[in-house]
Amino acid sequence: MKKVIIVLSFSVLVVSLFSLVKLRSTHAEYADLTLNRYAEQAGMPPVVFPHWFHRIRFKCKVCHEDIFIMRQGSNDINMGKIIQGEYCGKCHNGRIAWAPLYCDRCHSGASTIVIPQARGFLK
Amino acid sequence: MSGKNKFRFLLSTIFMVISVLIIVACAQREVKQETPAVETLPAAAESTPPPASEPAPAAEAKAAPSALAPEAAPAPQAEPAPAAGAAGIPDQYKDIDPSLLIYLSSRGVLAGTGDPSGVAGDAEKIGQLSHPAAMELAKLPKDKYGLVDWAVAIKSGMLKPLDSLEPGAAPAPPFNLDIVVHTKSNFMPDVVFPHYTHTLWLTCTNCHVQIFQMKAGGNPDMTMPKIAAGEYCGRCHNRVAFPLTDCTRCHVKPKEAAASPAQQK
């Protein structure tokens with residue numbers, strides 16, 4: 001009887017811990033991009049690029065295609081280039097937008113993050 | 001023996017009570033985290049029918065030039081606060097102007113805060129380039145899938161995205177030309193491609209000549225399977241722009257040949 005109680009309470013504890021972990025998981029929007037060419041290899045969480053967040057401020061043509069090619073995987077972005085003012089660093093330089101000093105603002109994803117995709121059409 | 005048993009029973013019950021308390025605490029945290037999403041979505045739904053009435057003044061105030069920035073910053077404070085929901089903002093950000101909070105998603109996941117002075121970038125501080133303030137995804141107009149209707153957002157003046165990184169660059173006027181793209185089936189309405197809506201966001205070289213030949217009928221290979229595979233319109237639509245399942249948003253012009261026999265009958 002007591003064993004059962006102990007096992008039950010322990011399992012409840014485990015479940016509550018799991019729910020805590022689940023709450024920490026990040027959330028992505030439609031049209032967000034995950035950038036993970038180097039991030040996880042280097043021990044950083046992947047970058048989740050919020051398209052919507054940038055679209056509020058800038059038209060598509062500001063970044064495409066002078067800075068970024070409009071095809072996922074065709075831009076070889078790394079932190080060195082960003083710090084030297086290429087790619088994200090064209091704006092994220094402390095003058096137009098904040099400098100690349102706040103790692104977790106961009107490296108906010110998990111390897112399990114799911115980007116909402118358009119569904120219901122032949123692919 | 002019985003005393004030992006009693007002690008064990010007491011211990012296990014204490015353990016139970018503690019675990020229950022933990023669960024309750026978790027549930028309360030979950031509710032706290034969930035409420036912003038629940039609260040902001042109806043707020044968005046309410047604000048979408050009159051897009052010009054409520055959110056527009058806030059957007060205008062935010063997009064106002066840098067000269068107004070110190071005064072404009074407190075002005076939108078009153079409006080986003082009720083929509084964002086006071087419960088959704090963590091304690092450490094409660095004293096900060098809500099328009100400065102940087103959101104990572106529509107669920108109110110906060111990335112951090114902007115500059116407390118109310119001016120986003122150093123360029124704006126020295127009067128070079130204005131940087132529109134943060135704005136929640138939840139406040140933007142939505143389509144039938146709940147995705148942001150960017151065309152409505154920019155046409156209604158809610159958004160004033162910058163044309164260039166160059167300070168003082170003259171905005172390029174949109175190009176007003178509708179192109180009818182005839183569909184290959186005899187029942188699907190023809191597509192009317194509005195250059196106007198697309199040039200509100202893009203410039204000619206984004207599409208021409210890499211993606212589309214600049215000639216009516218110059219892209220005979222354009223089919224829905226290819227678009228769904230990421231060519232032609234599918235370079236943006238279904239990925240960043242609205243999805244292909246929204247058929248009638250592009251297929252707007254009924255076929256005359258198909259329509260006439262039906263009318264005769």
Side-chain angles (χ1 to χ4, degrees), chain A residues 1-3 5-6 8-13 15-17 19-20 22-23 26-33 48 50-67 70-72 90-91 93-99 102 104-106 108 116-123, chain B residues 5 8-9 12-13 15-16 18-20 22-23 26 29-30 33 102-107 109 111-112 120-123 128-129 131-132 134-135 137 140 145 147-148 150 153 159 161-165 172 200-203 205-206 224-225 228-230 235-236 238-245:
Chain A
M1 181 58 191
K2 271 138 250 164
K3 266 189 183 174
I5 289 174
I6 286 169
L8 259 177
S9 53
F10 188 74
S11 62
V12 159
L13 201 78
V15 165
S16 62
L17 278 176
S19 70
L20 265 182
K22 204 189 161 195
L23 283 177
T26 28
H27 166 70
E29 303 290 337
Y30 176 74
D32 283 359
L33 296 177
V48 178
H51 247 122
W52 68 272
F53 194 87
H54 291 82
R55 252 183 113 165
I56 288 169
R57 294 158 177 75
F58 296 100
K59 296 186 175 181
C60 316
K61 61 183 174 185
V62 175
C63 305
H64 299 302
E65 301 200 297
D66 289 344
I67 306 174
M70 280 197 292
R71 204 181 269 281
Q72 192 163 18
K90 288 252 185 193
C91 294
N93 51 12
R95 291 194 295 279
I96 296 174
W98 39 268
Y102 315 95
D104 57 327
R105 287 193 186 173
C106 301
S108 58
Q117 299 284 325
R119 281 175 291 179
F121 201 88
L122 73 165
K123 284 225 171 177
Chain B
N5 264 349
R8 273 186 188 172
F9 189 73
S12 58
T13 43
F15 195 61
M16 261 304 253
I18 287 171
S19 57
V20 163
I22 288 172
I23 293 164
C26 282
R29 259 190 79 164
E30 204 156 358
Q33 293 229 344
I102 298 169
Y103 290 88
L104 276 183
S105 75
S106 60
R107 291 194 188 174
V109 178
D122 287 353
Q128 275 194 345
L129 183 73
H131 188 289
M135 190 176 184
L137 186 62
L140 294 170
Y145 296 111
L147 305 173
V148 178
W150 293 98
L159 300 182
L162 300 180
D163 267 64
S164 170
L165 295 178
L200 286 175
W201 292 102
L202 296 154
T203 186
T205 50
N206 284 123
M224 283 312 294
R235 284 293 295 272
C236 294
N238 228 26
R239 277 155 182 79
V240 174
F242 67 80
L244 301 179
T245 42

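Proteins come first, then strands; the chains are lettered A, B, ... in the order of their sequence lines, and each starts at number 1. Because the structure is predicted, anything quoted here is derived from the model rather than measured.
The two residues A/Phe58 and B/Trp201 come nearest to each other via the heavy atoms O-CZ3, 4.1 Å. Residue A/Lys61 comes nearest to B/Ala172 through the heavy atom pair NZ-CB, 3.7 Å, listed as atom of the first residue, atom of the second, then distance. Of all heavy-atom pairs spanning B/Asn206 and A/Glu65, the tightest one is ND2-N, 3.6 Å.
Under the rule for a salt bridge (Lys or Arg N to Asp or Glu O under 4.0 Å), A/Asp66 has no partner lying at least two apart in sequence or in another chain. Judged as a ring pair (Phe, Tyr, Trp, His ring centres under 6.0 Å), and not counting sequence neighbours, A/Tyr30 has no contacts.
For chain B, the nearby parts of A/His64 are the backbone and the side chain; heavy atoms of each come within less than 4.5 Å. Contact of B/Tyr145 with chain A is not made at all, since no heavy-atom distance falls under 4.5 Å. Heavy atoms closer than 4.5 Å to chain A are found nowhere in B/Ala153, neither backbone nor side chain. Heavy-atom distances place the side chain of A/Cys91, and not its backbone, under 4.5 Å from chain B.
In this structure the side chain of B/Val240 reaches within 4.5 angstrom of the side chain of A/Arg55, judged on heavy atoms. Annotation: side chain of A/Ile56 is in contact with side chain of B/Trp150 (closest heavy-atom distance under 4.5 Å).
By number of non-hydrogen pairs under 4.5 angstrom with chain A, the leading residue of B/Asp163, B/Leu200, B/Leu202 is B/Asp163.
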